[in-house]
Amino acid sequence: MKKVLIVSYHCKKGKREAFLSAVQSEGIDRASQEEAGNLRYRYFRSIDDPDLLLLLETWKDEDAFQQHCAAAHFQRLGEIKKQFVDQTEMEKFEQD
């Protein structure tokens with residue numbers, strides 16, 4: 001089954017664009033999109049909350065998602081989050 005994730009990044013006040021810029025400049029989004037098991041990996045800015053960034057990702061299966069979590073660029077994302085993000089929420093779904 002496909003693994004679908006909705007990740008909400010609650011950024012520190014005024015830091016959403018800096019966070020997204022850091023992710024993009026280090027190629028984390030591109031590296032994730034290029035992983036063999038990735039079907040979707042895309043960021044969206046909230047219209048209502050200037051400090052909220054949403055990430056929608058879909059992985060071929062649980063194994064593909066676990067490989068993503070072990071990737072160096074995923075580890076780097078965790079380091080960047082420490083600087084720009086107050087809280088991260090993740091919802092996981094399965095899709096046929």
Side-chain angles (χ1 to χ4, degrees):
M1 285 200 169
K2 295 176 187 170
K3 177 78 89 179
V4 179
L5 291 93
I6 301 173
V7 184
S8 299
Y9 295 108
H10 299 274
C11 297
K12 296 177 182 179
K13 188 158 183 68
K15 296 294 184 180
R16 179 179 73 183
E17 293 306 315
F19 173 58
L20 183 56
S21 179
V23 168
Q24 292 172 333
S25 69
E26 294 207 23
I28 292 169
D29 55 337
R30 187 175 54 255
S32 297
Q33 292 164 351
E34 292 173 354
E35 288 183 55
N38 181 263
L39 303 174
R40 174 179 40 201
Y41 190 96
R42 185 150 181 215
Y43 288 93
F44 297 87
R45 293 171 180 89
S46 170
I47 293 171
D48 299 321
D49 183 344
D51 297 319
L52 178 62
L53 187 66
L54 186 71
L55 170 62
L56 297 178
E57 21 181 337
T58 304
W59 298 92
K60 180 181 72 171
D61 54 25
E62 179 66 26
D63 288 339
F65 175 65
Q66 291 304 320
Q67 288 177 15
H68 168 66
C69 293
H73 53 270
F74 181 84
Q75 303 306 315
R76 178 64 183 136
L77 176 62
E79 295 169 7
I80 293 171
K81 283 173 42 180
K82 291 176 187 175
Q83 184 178 357
F84 298 106
V85 177
D86 279 333
Q87 180 183 357
T88 303
E89 297 171 2
M90 183 184 307
E91 297 178 76
K92 297 178 184 178
F93 303 89
E94 290 184 337
Q95 179 184 16
D96 291 335

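Heavy atoms only, all atoms of each residue included: Gly37 and Ala64 are closest at CA-CB, 3.7 Å. Residues Ser8 and Leu52 come closest through the heavy atom pair CB-CD1, 4.0 Å. Nearest heavy atoms, Val23 versus Leu77: CG2-CD1, 3.7 Å. Of all the heavy atoms in Lys12 and Asp51, the pair that sits closest is O-OD1, 3.8 Å. For Trp59 against Ser32, the heavy-atom pair with the smallest separation is CH2-O, 3.8 Å. Heavy atoms only, all atoms of each residue included: Phe74 and Cys69 are closest at CD2-O, 3.1 Å.
Counting heavy atoms from C-beta outward, Arg16 and Phe84 have side chains that stay 4.5 Å or more apart. A heavy-atom distance below 4.5 Å is found between the side chains of Thr88 and Val7. The shortest distance between side-chain heavy atoms of Gln24 and Arg30 does not fall below 4.5 Å. Within the 4.5 Å cutoff, the side chain of Leu20 has no heavy atoms near those of the Tyr9 side chain.
Note that NZ of Lys60 is 11.5 Å distant from NZ of Lys2, once rounded to the nearest 0.5 Å. Gln33 CD to Asn38 CG: the interatomic distance, rounded to the nearest 0.5 Å, is 7.0 Å. Distance check: Gln83 CD to Phe19 CZ gives 10.5 Å after rounding to the nearest 0.5 Å. Atom CG of Asp29 and atom NE2 of His73 lie 10.0 Å apart (nearest 0.5 Å).
Side-chain atoms of Ser21 do not come within 3.5 Å of backbone N or O of Glu17 as any donor-acceptor pair.
Electrostatic pairing of Glu57 and Lys3 does not count as a salt bridge here, judged by no charged N lying under 4.0 Å from a carboxylate O.
Side-chain heavy atoms closer than 4.5 Å link hydrophobic residues (I, L, V, M, F, W, Y) into clusters, and following such links, even through other members, never connects Phe65 to Phe93. Linking Ile, Leu, Val, Met, Phe, Trp and Tyr whenever their side-chain heavy atoms come within less than 4.5 Å leaves Met1 and Leu39 in two separate clusters.
Counting only residues at least two apart or on different chains, the salt bridge (Lys or Arg N to Asp or Glu O under 4.0 Å) pairs with a member in residues 18-27 are Glu26-Arg76.
In this structure, the ring pair (Phe, Tyr, Trp, His ring centres under 6.0 Å) partners of Tyr43, at least two apart in sequence or on a different chain, are Tyr41.
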Show, in sequence, the C-alpha distance, side-chain angles and deciding distance for Leu54 and Ile6, and conclude whether the side-chain contact (heavy atoms from CB on, under 4.5 Å) test is met. CA-CA 7 Å; Leu54 186 71; Ile6 301 173; 3.4 Å; yes
Stepwise side-chain contact (heavy atoms from CB on, under 4.5 Å) check, Leu5 with Glu91: CA-CA 6 Å; Leu5 291 93; Glu91 297 178 76; over 6 Å; no
Is there a side-chain contact (heavy atoms from CB on, under 4.5 Å) between Arg45 and Leu53 once you walk through the steps? CA-CA 5 Å; Arg45 293 171 180 89; Leu53 187 66; 4.2 Å; yes
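Residue-environment remark: CZ (Arg40) exceeds the threshold of 12 foreign heavy atoms within 6.0 Å.
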